[in-house]
Structure formats: structure tokens, C-alpha cells
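Here's the structure we're looking at; comments come further down.
In what follows, chains are A, B, ... by sequence order, proteins preceding strands, each numbered from 1.
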Amino acid sequence: MEMNPARRTVLRGAGSLGALSALVLAGVLKPTAVYAADWNKAAFEAKDTPAALKGLGAGSPADSKDLVLKVPDIAENGAVVPVDVVSNIPNTTSIAILVDKNPTALTCLYAFTNGALPEVSARIKMGQTSLVRAVAKAGDKYFVAQKECKVTVGGCGG
Amino acid sequence: MADPMKIRASMKGDAAEVRILMSHAMETGQRKDAAGNTVPAHFIQTITIDVGGKRVVDGQIGTAVARNPVFGFKIKGAKAGDKVVVNWVDNKGDKRTDEATVA
């Protein structure tokens, strides 16, 4: 069988990539733009949904049918609950996922730029049966969609 | 240093689908160990995704994201061969950057 030259190239490529990562790890090369927005402590440490919404600056968002929230009706394991959010609201720039009855309501907040579609899939923890809410920001307005998810075994421990 | 992320990026129609599996304990700070001591909170706080050199997703997450977080995104305008760079930082300052290429 003939040697496959492409295979060589792939191997060489992998080698140099490894070396590059090593440099990054050693702090020699700074990866471009690794800086993220500051963590919104007020919103993430808020104990309930209204306080978390206030922390986000969302106030009381309007219900929207164009915001699609998918969560299972029943979650067997509260430690891993799959959630999908798709916003069909024009100019959506960010999406947050909240769980009303968790010790801290806000689970995650994503901002989208440069062609990222306003949708996200995530796996969250739920302490008990609760409403799950998706909050989308479009322009300077906020919209919400909600659905109850029944939890059989809590996922917050303790 | 935490374990590497697994990043999958592939074109689906005119958008790149990016799926990321991060390896992280995501301790809530509410769980107690066998001895009854509270396990201190240890969780990822910020996530960024760059595709083709442009910031596409800027994320903040809290303690209620499941252990070993999985996130999926779709990036319109990306093309095969674009470099995907994902970065996270946790509440203890631990961080991790991994790369993949859109297939």
C-alpha cells in the first residue's frame, strides 16, 4: 500500500498545534481576546427571580410567543436538565435562563454578536420542581417565556 | 489546570454549530461532603467564544449550570476552516482556553 502524504501533513500539523498550545499554557503567547465581560454578581447571587431580573436590568419582561423555551415536562435527575432556548424576536442580543425555585435563580446569561444566532442549549441544575424562564433582550426591551419542569430528584445537593 | 474542553464545530446549512463540553466540578457551595462540611463553591463564571477571530458569544454562568457543562450555539456567517477559540474562567481564577476548527 502506498504511503498517504496527507497523513504526514496531518501529523505534522497536530505536532505544531501541540507546541503552540504549550506556549499558550506557558503564558508566552497570549491568546487573542480572552477577556470576558465582568460577572454580574448582583444578578447571579440574587435569591429569587424578581431580584435576578432587577440585577440584569430586565425589570418585568413581557411575555413573547417568539421566544421558544424547551425543557422536559419531567426531569428524572435535577442535576442535569437539558434546556434549549431559541429567540425569533428580531435583534435579540442576549438570552438568560432562570429557575424560580433554585437557591439562586439565574443560571446563565449569553450575549450574541458577529453572526451568533440568538439560541443556546445548556444543561442546568434544578433543586426542585419549578418554573423555568428564558429572558431575551432585544433592543432595550426584555421578553420572557416560561414553562414548568417537574423534578423527581433535586440537583442542588445538601 | 483543568482538563481540556471538547469542542465540536461543524457547518449545518449556513451556520456553524458549535458544541462545547467543559470539564468542571461546578460546585454550588451548598453541597455537604460525607463529614457534613460544606463543599466550597467552585464554578465557571465567564465563557467566551471567538470564531474566525471575532467574538461571537460572551457568556456568564452561575452555580446552577450542571457539572461538566455542555453548551450549544449556532454562528451564522462562519465557514469551514474558521478557528473556534473557547475560553472560560472560574471563581477561583482557574482558566482554560481550547481551540477547534469548523468542519
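Both Trp88(B) and Ile7(B) belong to a single network of hydrophobic side chains, linked directly or stepwise wherever heavy atoms of I, L, V, M, F, W or Y lie under 4.5 Å apart. In the hydrophobic clustering of ILVMFWY residues, with side-chain heavy atoms under 4.5 Å counting as a link, Leu69(A) and Val86(A) come out apart. Tracing side-chain contacts under 4.5 Å through hydrophobic residues (I, L, V, M, F, W, Y), one never reaches Val70(B) starting from Ile124(A); they form parts of separate clusters. Hydrophobic clustering (ILVMFWY, side-chain heavy atoms < 4.5 Å, transitive): Ile20(B) and Met11(B) are in one cluster. Hydrophobic cluster membership is shared by Ile89(A) and Leu56(A), with clusters built from Ile, Leu, Val, Met, Phe, Trp and Tyr side chains linked at under 4.5 angstrom.
The backbone N or O of Ala111(A) lies less than 3.5 Å from no partner atom in the side chain of Asp58(B), so there is not a single donor-acceptor pair. Between the side chain of Thr113(A) and the backbone N or O of Val57(B), no donor-acceptor pair lies under 3.5 Å.
Residues Arg123(A) and Asn68(B) share a closest heavy-atom pair of NH2-O, 3.0 Å. In this structure, Ala66(B) and Ala79(A) approach most closely via the heavy-atom pair CB-O, 3.2 Å. Nearest heavy-atom pair across Val65(B) and Thr107(A) is CG2-O, 3.6 Å.
Proximity of Phe73(B) to Val120(A): side-chain heavy atoms (C-beta onward) are separated by under 4.5 Å at one or more points. No side-chain heavy atom of Ile61(B) sits less than 4.5 Å from a side-chain heavy atom of Leu109(A). Contact check for Asn91(B) versus Trp39(A): no side-chain heavy atoms found under the 4.5 Å cut-off. Side-chain contact between Thr28(B) and Lys125(A): present, with at least one pair of heavy atoms (C-beta onward) separated by less than 4.5 Å. Proximity of Phe112(A) to Val56(B): side-chain heavy atoms (C-beta onward) are nowhere separated by under 4.5 Å. Side-chain contact check for Gln60(B) versus Cys108(A): every heavy-atom pair is 4.5 Å or farther apart.
To the nearest 0.5 angstrom, Asn102(A) atom CG is 8.5 Å from Gln30(B) atom CD.
At most 12 heavy atoms of other shown residues, nucleotides or ligands fall within 6.0 angstrom of atom CD in Glu76(A). Within a 6.0 Å sphere centred on NZ of Lys79(B), heavy atoms belonging to other residues, nucleotides or ligands number 12 at most. Within a 6.0 Å sphere centred on CG of Asn91(A), other residues, nucleotides and ligands contribute 12 heavy atoms or fewer.
In this structure, chain B has a heavy atom under 4.5 Å from the side chain of Phe44(A), while its backbone stays farther away.
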